[in-house]
Trainee: 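Dumping the structure here so I can ask a few things about it.
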2 protein chains.
Amino acid sequence: MRYCPSCSAVLERRRPDGDDRDRHVCPACGTVHYQNPKIVVGSVCTLGDRLLLCRRAIPPREGFWTIPAGYMELGETAEAGALREAWEEARARIELDGLLAVYSVARIDQVQLLYRARLLDAAVEAGPESLEVRLLGWHEIPWADLAFPTVHWILRHAQSLRGRSGPLLTVGNPGGHQPGPLPGELHVED
Amino acid sequence: MRYCPSCSAVLERRRPDGDDRDRHVCPACGTVHYQNPKIVVGSVCTLGDRLLLCRRAIPPREGFWTIPAGYMELGETAEAGALREAWEEARARIELDGLLAVYSVARIDQVQLLYRARLLDAAVEAGPESLEVRLLGWHEIPWADLAFPTVHWILRHAQSLRGRSGPLLTVGNPGGHQPGPLPGELHVED
């Protein structure tokens, strides 16, 4: 961020009065341009004993496997975002069952809200951001070819809850850990 | 957002190839400037039978009561953000106990992650964004003078869990409802 989105002046990096950290501040119009973490919404979608995975058609981590998930959009709820992502990435119609986890990935300024969901039917197919989508048994999960550390986390967690009904206890990062970067998983600066 | 933060050209509002909604797109450098909901982190902080409330010193809803909460910052986890807000607004040192609720307020593009916390001691005082802070009994909550609908929601929810120990079940918006706007609670466009 180099220019003011409100007036096009060159921004300064400085601490506004009363603030405790540096921000992008416009010396012309005075606007402070805050930057904040983004929310990823997604879901572990099951149909009986199988779960839905998507192979990514786009960077980062193209060709690796993930659950349907993506950036939450303006004007929607987190739950609506998770439904939208399941449709966009796998043409999957789902019903949410509870919030499995809230993961913070500080290095890339993300908070991930990951739900458990039931597929309403087996009719899934690759959306534009997926190379292929599959309904796999839990023993068929390609652990070595998952796209992101948090996909690993959430699948292990969902697996541990297999067959257990009743209310879901939402978890945070396992052990409070931060996930490390993976090859090809670059953070693009805004 | 009128000018490109990367190159200062006047932005266009149009649908990028392969996208399904309009974005701010720069016709000069080609950058798509996505806008996403923001995360608010906060906590219901208790010490024995009392809970911590802060009277806001800043708009929106100046003079009304809230829990310590605010926008999550870059580079922190959600949990660290909740601790930071308790310190900034009430000089409170707290220990998180679980995630009470994830509320989506689509109208103002917010997701609120609200924790339950224990105050480590009674030494609280107003930070720069609070007119005053108080440790109140549950029967002393100023229900008519709360700053936001979600403060109402979370206090009712925390109150319903009073004295119940054990794992916390994280809830979403009550009944899936969206809160309405309150007087003076304006949404400022970026």
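In what follows, every heavy atom counts, from backbone to side chain, and hydrogens, waters and symmetry copies are set aside. In what follows, chains are A, B, ... by sequence order, proteins preceding strands, each numbered from 1.
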Trainee: Relative to chain A, which of Gln110(B), Glu129(B), Arg21(B) shows the most heavy atom pairs under 4.5 Å?
Mentor: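 Heavy-atom pairs under 4.5 Å are most numerous for Arg21(B).
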Trainee: Need one label for Pro128(A): side chain, backbone, both or neither, based on atoms under 4.5 Å from any heavy atom in chain B.
Mentor: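 Neither part.
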Trainee: Closest heavy-atom contact between Val102(A) and Leu99(B)?
Mentor: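 For Val102(A) versus Leu99(B), the nearest heavy atoms are CG2-CD2, 3.6 Å.
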Trainee: Counting heavy-atom pairs under 4.5 Å to chain A, which of Arg2(B), Gln178(B), Glu76(B), Met72(B) comes out on top?
Mentor: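 Option with the greatest count: Met72(B).
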Trainee: When heavy-atom pairs shorter than 4.5 Å are enumerated against chain A, which of Leu11(B), Val10(B), Val111(B) gives the highest number?
Mentor: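 Between Leu11(B), Val10(B), Val111(B), the count favours Val111(B).
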Trainee: Which heavy atom of Ile39(A) sits nearest to which heavy atom of Ile39(B), and what is that distance?
Mentor: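 Looking at all heavy atoms of both residues, the closest pair is CG1-CG1, 3.3 Å.
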Trainee: On a heavy-atom basis, which atom in Pro5(B) and which in Pro5(A) lie closest, and how many Å separate them?
Mentor: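 Here Pro5(B) and Pro5(A) meet closest at CG-CG, 4.0 Å.
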Trainee: Is there a side-chain contact between Glu79(A) and Asn173(B), using heavy atoms and a 4.5 Å cut-off?
Mentor: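 Side chain of Glu79(A) against side chain of Asn173(B), heavy atoms only: no contact under 4.5 Å found.
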Trainee: What is the distance from atom CG of Leu169(B) to atom OG1 of Thr170(A), rounded to the nearest 0.5 Å?
Mentor: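 Going from CG on Leu169(B) over to OG1 on Thr170(A), the span is 7.5 Å.
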Trainee: State, to 0.1 Å, how close Ala78(B) and Ser104(A) come at their nearest heavy-atom pair, and which atoms those are.
Mentor: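 Smallest interatomic distance, heavy atoms only, reads N-OG, 2.9 Å.
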Trainee: Considering non-hydrogen atoms only, spot the tightest contact between Leu74(A) and Gln35(B) and give its length.
Mentor: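 Leu74(A) and Gln35(B) have their closest heavy atoms at CG-O, 3.5 Å.
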Trainee: Mind checking the OG1-NE2 spacing from Thr77(B) to His177(A)? Nearest 0.5 Å is all I need.
Mentor: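 With rounding to 0.5 Å, OG1 (Thr77(B)) is 13.0 Å from NE2 (His177(A)).
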Trainee: So which of Pro167(B), Cys7(B), Ala80(B) has the biggest tally of heavy-atom pairs under 4.5 Å with chain A?
Mentor: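 Of the options given, most contacts go to Cys7(B).
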